[in-house]
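Order of appearance sets the numbers: ligands from 1, and atoms from 1 within every ligand. If you're wondering where the values come from, they're calculated on a predicted model, not measured in any experiment.
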Amino acid sequence: MKEYTVAVVGATGAVGRMMINVLEERNFPVKELRLFASPKSKGIKIPFRGEEINVEVLEETKSFKGIDIALFSAGAQRSLEYAPKFANDGAVVIDNSSAWRMDPEVPLVVPEVNPHAISKYKTEGIIANPNCSTIQMVVALKPIHEVAKIKRIVVSTYQSVSGAGQKAIDELISQIKAWCSGEPLPPAKHLPQTIAFNCIPHIDVFLPNRYTKEEMKMVEETKKIMEDPSIRVTATTVRVPVFYGHAESVNVETEKKLSVEEVIEILRKAPG
Ligand SMILES: NC(=O)c1ccc[n+]([C@@H]2O[C@H](COP(=O)([O-])OP(=O)(O)OC[C@H]3O[C@@H](n4cnc5c(N)ncnc54)[C@H](OP(=O)(O)O)[C@@H]3O)[C@@H](O)[C@H]2O)c1
């Protein structure tokens, strides 16, 4: 089997660490693993397949030659700046940030839904990965859309703090610990309000149309991935005091009438 040199950019973050675990768990054919983060993480080592791998400082690295696949999860700014550099040096970049998702030249891909998009676009070596809430929704909706054409979607989310990064996970832990010891809850720093024992309908910033950016990501990304700009989507996204795992309530109207039994059968046969 061919083996690949894989880079994880944002290796010390909540997503990056999970990517490293999954590469190991799935026995992905990794020839060499290169890990990148900010200057703050200089000297940190992360275990992979029984070895300790040194974290490299992204901005101190001059060449990215020799990397076959680069998994990016270090924020949109880093993706905008460094994804083209990795791609120019020969890597295929798979970007988890929002930086490239709506770029008309960049495929936005969920493997179970639209893998063909990779060859459809004139890609320059960057493949975007959608928002986490969009991913799980389109995996469930694409097979229904193929049979009955979805006209509109009303989605409400219940999103865990992991989606806001490691600092948000730590913030929930510290608020719960304070509550258990009868101390005042530490103030919110990384989330807009206290998250312990609370639900916050405010993820990312508010936009002029009064939706949040997180909500509009679900609207726009869904149309691009399903390759159907006519689908009407409205979203309400809510952060809930759960560590990992997003839930969603999705209400859809289809052009062709379907029974509940037919929908269950479609979903039972669908990948994912
Ligand atoms: N598609 C999805 O499903 C999904 C889900 C969640 C998040 N995301 C995206 O993934 C990205 C990371 O999310 P996260 O939850 O893992 O955040 P996080 O826990 O805050 O981790 C951020 C990572 O970025 C690194 N970083 C920050 N500034 C950097 C710099 N100047 N140079 C190099 N590396 C830098 C951090 O390194 P240090 O530790 O050294 O600071 C850390 O490894 C975000 O863009 C987020 O929107 C995508």
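- Ser98 pairs by the side-chain contact (heavy atoms from CB on, under 4.5 Å) definition with Ala76, Arg101, Lys217, not counting sequence neighbours.
- Proximity to Ala11 (heavy-atom distance under 4.0 Å) selects the following atoms of ligand 1: 43 (O).
- When Ser41, Cys132, Ser79 are ranked by how near their heavy atoms come to atom 3 (O) of ligand 1, first place goes to Cys132.
- Looking at Thr194, its side chain never comes within 3.5 Å of a backbone N or O of Ala196 through a donor-acceptor pair.
- In terms of N/O distances under 3.5 Å, ligand 1 is not approached by Gly163.
- Salt bridge annotation for Glu221-Lys224: absent, with no cationic side-chain nitrogen under 4.0 angstrom from a carboxylate oxygen.
- Nearest residue to atom 8 (N) of ligand 1 from Ile135, Asn131, Asn96 is Asn96 (criterion: closest heavy atom).
- Between Gln166 and ligand 1, at least one N/O pair is under 3.5 Å apart.
- Not a single heavy atom of Ser98 lies less than 4.0 angstrom from ligand 1.
- Remark: Lys120 engages Glu227 in a salt bridge, criterion side-chain N to carboxylate O under 4.0 Å.
- Tyr82 and Leu80 fall within a single hydrophobic cluster, where Ile, Leu, Val, Met, Phe, Trp and Tyr are joined by side-chain heavy atoms under 4.5 Å apart, directly or via other members.
- Between Glu253 and Lys151 there is a salt bridge, since a side-chain N of the basic residue sits under 4.0 Å from a carboxylate O of the acidic one.
- Criterion: ILVMFWY side-chain heavy atoms under 4.5 Å apart, direct or through other members. Under it, Ile225 and Leu267 are part of a common hydrophobic cluster.
- Distance check for atom 33 (C) of ligand 1: a protein heavy atom is found below 4.0 Å.
- Under the 4.0 Å distance rule, the nearest protein heavy atom to atom 17 (O) of ligand 1 falls inside the cut-off.
- Counting the atoms of ligand 1 from 1 in the order shown, those under 4.0 Å from a heavy atom of Thr12 are 36 (C), 37 (O), 38 (P), 39 (O), 40 (O), 42 (C), 43 (O).
- Here Lys167 has no heavy atoms under 4.0 Å from ligand 1, in either its backbone or its side chain.
- Every N/O-N/O distance between Ala164 and ligand 1 stays at or above 3.5 Å.
- At a heavy-atom distance under 4.0 Å, only backbone atoms of Pro130 (N, CA, C or O) approach ligand 1.
- The neighbour count for Lys149 NZ, taken as heavy atoms of other residues, nucleotides or ligands under 6.0 Å away, is above 12.
- Other residues, nucleotides and ligands contribute more than 12 heavy atoms inside 6.0 Å of the CD atom of Glu3.
- No continuous path of hydrophobic side-chain contacts links Val155 to Val238 [ILVMFWY only; heavy atoms under 4.5 Å].
- Of the protein's heavy atoms, Arg78 CD, 3.4 Å lies nearest to atom 30 (C) of ligand 1.
- Residue contacts with ligand 1, taken as heavy atom pairs separated by less than 4.0 Å, involve Leu58 solely via side-chain atoms from C-beta onward.
- Set against the non-hydrogen atoms of Asn129, the atoms of ligand 1 under 4.0 Å away are 1 (N).
- Some N or O of Gly75 is nearer than 3.5 Å to an N or O of ligand 1, by distance alone.
- Looking at ligand 1, you'll find an N or O of Val15 within less than 3.5 Å of one of its N or O atoms.
- Set against the non-hydrogen atoms of Lys40, the atoms of ligand 1 under 4.0 Å away are 39 (O), 41 (O).
- Side-chain contact check for Val113 versus Val139: some heavy-atom pair is nearer than 4.5 Å.
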